Structure formats: structure tokens, C-alpha cells
Amino acid sequence: VLAGHVGEHVLGAVAVGANIWSLVIVCGIGMMMAVPPSVAQLDGAGRRHDVGAVFRQALWLALGMGVLLWFAVRHTTPLINLIGVTPSLRHDVQRFLLAISWGAPALTCYFALRGLSEGLSLTRPSMYFSFGGLLLLIPLGYVLMFGKLGIPPQGAHGCGIATSIALWLEMLAFSIYVMCHRNYRGLGLFDHFEWPDWRRIVALVHIGLPVAVTL
């Protein structure tokens, strides 16, 4: 909506960039879909004290996945050329993707948090924070894309920056909620630092990778 009111060129660049970004979203969703059943199995078996260990490894997986997707989005020139994007749009498409790529780690970590919450049958927080991120994106996008508050107009690049900022704030807000709300007490989510446990991570990948590929 915002891009369309800036102009048809910005709308075209954001539309193409958003479709490429959607590949990142479905990869992140698919891989992190391993988290809800893993958490639900432990919760249903009365082993809530073991949920924290699984969640910490899910965060390592999400962080690694986020960095990988960040790198991939920043090197999509061959894909843009393969699609046959109009040459006049390519520069702004790439600028949009370079900006939004910084939100990839936040996105995957958010999906890990969402998987934890949904595995505990707590689905409303995901809805609240998703809508909150969307509402936050509107003023951010308006200021950056149109150039307000002394900021020069950024167009498609501004849309990417605004989305990245919204994703990080959304993820951080969800993290604070999980740390503070009583529904997550007793899980030991952040009791201590834990290095990657490749056995647990491989088990999550074994579930999540086929889902990601299918999506």
C-alpha cells in the first residue's frame, strides 16, 4: 500500500523484492516447524523442565538459519537476472533486498519463539506480536519511504529498512514476553548459556528440513 502511493517504480521494486523475500519466510517457517511438536511432546509427557534445552538449541538453529538466509538474500543477483526483471528496476530491487536481509536472523528467531509458544498451546501471543509488528511497520515505512522527520525519501530501500527494524523489535518484544510471563515459568529457557548440541540440532533439522523444502 505504501509503495503504491510512492509511485509505480517503487511498487514494482518492492513487489519483486517481496516475492524473493517470501522464499526466506517459507524457509524459516518450515525449518522452525520442528519446534512446536518437539516442545508439545515434552510438555505432554510432563517433562517441562526439558523444554528449555530444546528451545536453546532451536535458537542456535534459528540463528544459523538466519545468517545463512541473510547471506543468500544479499546474493540474489543471478536469480533477479534469471527472472527477467526489467533492468530499470534491478537496482532498487537489490537495494530493497540488501536492506531487508538484515531482518532474516530476527525472523527465524521469532519463528523459534512462536514455535515454543505454540508447542505449549499458547497461540495468542503469536497473533498479538505479528499484528503488533505490522502496525509498527506502517509508521516506520511511511517515514522512511516518503522521507519525513528530516529523513530523505528512501523508496524501496526504506521499505526494506523499515521491515528489518520491525522484525527485530517484534522478536525482542516476544523474547521479553517469554522471559517475563508466568505461562513460561519453570521451563528454564534462559537459565544458563548453552553451546550448540549437534545431536539435538540434527534432530530438529531432520523434522524441519523436509517441511521447509516442501513449502
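Not measured: the values here are computed from a predicted model. Any value given below was found using the heavy atoms of this structure, including those in side chains, with hydrogens, waters and symmetry copies removed.
Residues Ile207 and Phe111 do not share a hydrophobic cluster, defined by chaining ILVMFWY side chains whose heavy atoms lie under 4.5 Å apart.
Counting only distance, with no hydrogens or angles, the side chain of Gln57 and the backbone of Asp197 share a donor-acceptor pair below 3.5 Å.
Atoms CG and OG1, from Leu68 and Thr108 in turn, are 10.0 Å apart once rounded to the nearest 0.5 Å. Considering CG of Leu137 and OG1 of Thr163, their distance stands at 4.5 Å, rounded to 0.5 Å. Atoms CZ and OG, from Arg124 and Ser117 in turn, are 12.0 Å apart once rounded to the nearest 0.5 Å.
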If you apply the rule side chain to side chain donor-acceptor pair (under 3.5 Å), what do you find for His9 with Asp92, and how did you get there? CA-CA 9 Å; His9 178 86; Asp92 279 332; 2.6 Å; yes
Apply side chain to side chain donor-acceptor pair (under 3.5 Å) to Ser175 and Tyr110, showing your working. CA-CA 8 Å; Ser175 299; Tyr110 173 83; over 6 Å; no
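For the pair Leu2/Val10, no side-chain contact is recorded, criterion being any heavy-atom separation below 4.5 Å from C-beta on.
Phe174 and Phe129 have parallel rings, their planes meeting at less than 30° on a 0 to 90° scale where 60° marks the start of perpendicular. Ring orientation note: the planes of Tyr184 and His181 are nearly perpendicular, at an angle over 60° on the 30°/60° scale.
The closest side-chain donor-acceptor pair between Ser126 and Arg114, if any, does not fall under 3.5 angstrom.
Put simply, the residue from Val16, Ile83, Leu98 that forms a side chain to side chain contact (heavy atoms under 4.5 Å, CB included) with Val93 is Val16.
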